[in-house]
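For reference, the structure is listed below as structure tokens.
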Amino acid sequence: MRPHHSLLAICSLLGLSASSPTPVPASDTDPVLKNANHIFNVIHDSMRQWGSSLHHNGVSFFLATVPAGTQLYHGTSMSVPVNGTEWLAFEPEHALVFARPHGNRGPPRDRDGDDKPHEGPNHDDLRRRLEDGPPPMDSADPDAHGYLHTYAAAKNLRLLYIDGMSAGKTEKGTLDSQDILLFNNSLGDGESEGPGPRGERDRALRACEMAEDEWAGRIDGVLRMEAGFEIILCSFARDLTPLRIIQTQSQERGDKGPGGRDAGGPSKGPGGGPGGPGGPGGGPGGPDSSRWARAVASRYEGIGGRRVHIDYDNFVTAHSHDLDLFPESSTLPRLNHLESSKLDPVRKEITETILTHDAREFSWDWQATTDMVITRYADELSYFVSDRMETMEELRAQITMLVAPFVDYSERNITMESERCAAQFIPFQYQDAPTLPARAVHGVAFSICHTLLEAVEEENLAAAKELIAQLMVKLDWTAWKKCRGCLDSEICVVPIWPMGSVGDYEKPQCKDALSPYDRDGENYWGGHGPH
Ligand SMILES: *[C@@H]1O[C@H](CO)[C@@H](O)[C@H](O)[C@H]1NC(C)=O
Ligand SMILES: *[C@@H]1O[C@H](CO)[C@@H](O)[C@H](O)[C@H]1NC(C)=O
Ligand SMILES: *[C@@H]1O[C@H](CO)[C@@H](O)[C@H](O)[C@H]1NC(C)=O
């Protein structure tokens with residue numbers, strides 16, 4: 001490969017100067033280059049349960065399309081099709097959690113507008129159930145049942161995907177991008193304050209209002225993630241074809257019902273009783289939830305089936321703005337310390353993106369590109385810093401092999417070599433006119449290649465390893481937290497609100513799929529809201 005004429009342009013864009021051994025300068029001021037590692041991970045984590053669970057605070061917004069015909073699920077106490085605004089799950093097991101008689105817990109929720117009739121149980125019920133355990137026996141009408149609705153998208157659904165674990169009702173920052181950025185702290189008053197479950201319907205109604213008023217009817221709903229991906233769809237009647245409604249198994253039956261049903265007694269299964277150490281109020285236990293856990297884990301690597309198409313060429317991320325998103329050296333981004341007006345440029349960009357782009361237009365699959373980078377380097381980097389790498393000679397030999405395709409042995413130059421090594425991942429047309437994802441991917445690939453080439457020049461092994469270890473901390477790839485070699489009876493467990501422990505976050509491990517979340521260990525999510 002001969003160097004391309006645009007190389008200089010790219011180098012100057014990267015702020016590489018002849019005298020500078022490391023590509024520092026421009027990255028100090030240009031947020032895209034400074035945050036290339038974060039933007040790269042945003043792309044890589046999108047629509048994946050694994051990465052979005054670990055990097056659970058999203059600050060990015062994508063245009064997403066769910067193709068017509070895609071089947072979606074809704075659980076409720078109602079046996080007639082929904083017409084208004086409600087929640088949809090991509091996996092039936094997720095919806096099944098809500099397919100139960102309306103409980104009496106909490107204040108009644110009937111503040112919904114007249115055009116949006118109260119639909120009975122909705123996601124508020126999940127919040128209550130997860131927080132308080134299922135409603136007590138005496139509140140349930142024996143003739144009441146749960147229903148699982150199956151719908152098909154009647155057209156290509158145009159959605160705003162809010163990344164991270166944006167449906168997790170936590171105080172750890174999972175709701176910042178909605179409550180603070182998108183909704184400008186305008187959500188609710190009094191009863192719905194805080195990230196508690198009560199705010200959920202307000203969020204849905206507010207998003208649908210924005211879809212109409214600010215986004216010119218170009219958005220049909222919002223796509224978010226909790227223990228499974230979900231859609232808040234503004235008009236079921238307009239956008240869905242009902243396929244079937246079935247009555248679900250009664251929860252009253254069977255002594256092995258969902259764990260913690262008898263809140264006072266010893267509960268079987270994970271996260272049973274309220275307030276147990278396995279979770280604040282515990283997760284759903286029992287057979288249903290173990291099926292749910294399997295269903296969730298099956299989407300760790302992606303929603304699958306091309307059920308969601310993302311426009312990666314035109315997305316909005318707070319990381320590309322000049323904002324301090326990591327206050328007090330927080331490892332995940334927060335927005336709650338920022339003055340609201342500072343977020344106006346991001347809000348403006350969201351509206352502009354929605355008004356000028358259509359998620360169906362062709363875009364490069366930058367997620368596939370991030371996969372290519374990670375599958376190329378993840379294992380080798382962690383091997384290089386491991387104890388199995390025993391001598392500098394060995395490390396040097398391995399890195400030399402790794403970078404060989406990019407070294408012109410007639411003219412050694414680390415900058416040029418790193419540039420060639422980084423450019424291998426960037427489609428040619430994006431090298432001349434780099435877009436946000438192209439710049440982020442390039443920035444990450446460049447820093448990997450450059451660090452390795454620097455490491456080769458180190459005299460001693462510890463120093464070389466230290467360079468690579470620092471790079472790995474910066475890259476923060478969730479691939480390095482994946483379990484290896486789980487049995488077919490196990491799943492790799494990571495905290496997914498409201499389940500999981502601090503230990504599960506730090507070192508996810510293979511655990512029995514029937515009881516994936518154990519009750520010991522400090523709950524990762526801690527307290528979460530006034531409710
Ligand atoms: C290495 O390449 C860069 C980019 O072309 C150039 O600016 C720099 O002068 C070269 N360094 C050396 C030592 O030749
Ligand atoms: C939705 O509309 C249909 C047709 O008008 C009606 O039969 C059904 O009861 C409505 N669903 C709800 C939940 O009100
Ligand atoms: C956000 O809310 C503040 C305070 O209510 C208001 O002054 C500001 O105009 C709002 N910004 C936008 C973009 O709506």
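The residues of the chain are indexed from 1 along the displayed sequence. The figures that follow rest on heavy atoms only: side chains count, while hydrogens, waters and symmetry mates do not. Every number for a ligand or one of its atoms is a count from 1 in the order of the listing.
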Table of N or O contacts for ligand 3, cutoff 3.5 Å:
residue	atom	partner	partner atom	Å
ligand 3	2 (O)	N184	OD1	3.2
ligand 3	2 (O)	N184	ND2	2.4
ligand 3	11 (N)	N184	ND2	2.8
ligand 3	14 (O)	N184	ND2	3.4

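Residue M416 has at least one heavy-atom neighbour below 4.0 Å for each of these atoms of ligand 1: 2 (O), 4 (C), 5 (O). Every atom of ligand 2 is numbered from 1 in the order shown, and the set under 4.0 Å from a heavy atom of N83 is 1 (C), 2 (O), 3 (C), 8 (C), 10 (C), 11 (N), 12 (C), 14 (O). Near P81, with a cut-off below 4.0 Å to any heavy atom, the atoms of ligand 2 are 1 (C), 10 (C), 11 (N), 12 (C), 13 (C).
Using a 4.0 Å cut-off between charged nitrogen and carboxylate oxygen, E200 and R224 count as a salt-bridge pair. A salt bridge is absent between R158 and D358; no separation between the charged side-chain nitrogens and carboxylate oxygens falls under 4.0 Å. Between R420 and E417, no side-chain nitrogen of the basic residue sits less than 4.0 Å from a carboxylate oxygen of the acidic one, so the salt-bridge criterion is not met. A salt bridge links E86 and R201; the closest N-O separation between the charged side-chain nitrogens and carboxylate oxygens is under 4.0 Å.
Shown here for V82 and Y151, the closest heavy-atom pair between the two residues is N-OH, 3.0 Å. Taking all atoms of both residues into account, the shortest heavy-atom contact from V222 to A207 is CG2-CB, 3.7 Å.
The aromatic rings of F446 and H442 sit parallel to each other, their planes meeting at less than 30°, with 60° as the upper class boundary.
Note that R412 lies in the cation-pi zone of Y409, set by a 6.0 Å cut-off to the ring centre and a 45° limit from the axis.
When only interatomic distances are considered, the shortest N/O to N/O separation between T415 and ligand 1 does not fall below 3.5 Å. The shortest N or O to N or O distance between M78 and ligand 2 is not below 3.5 Å.
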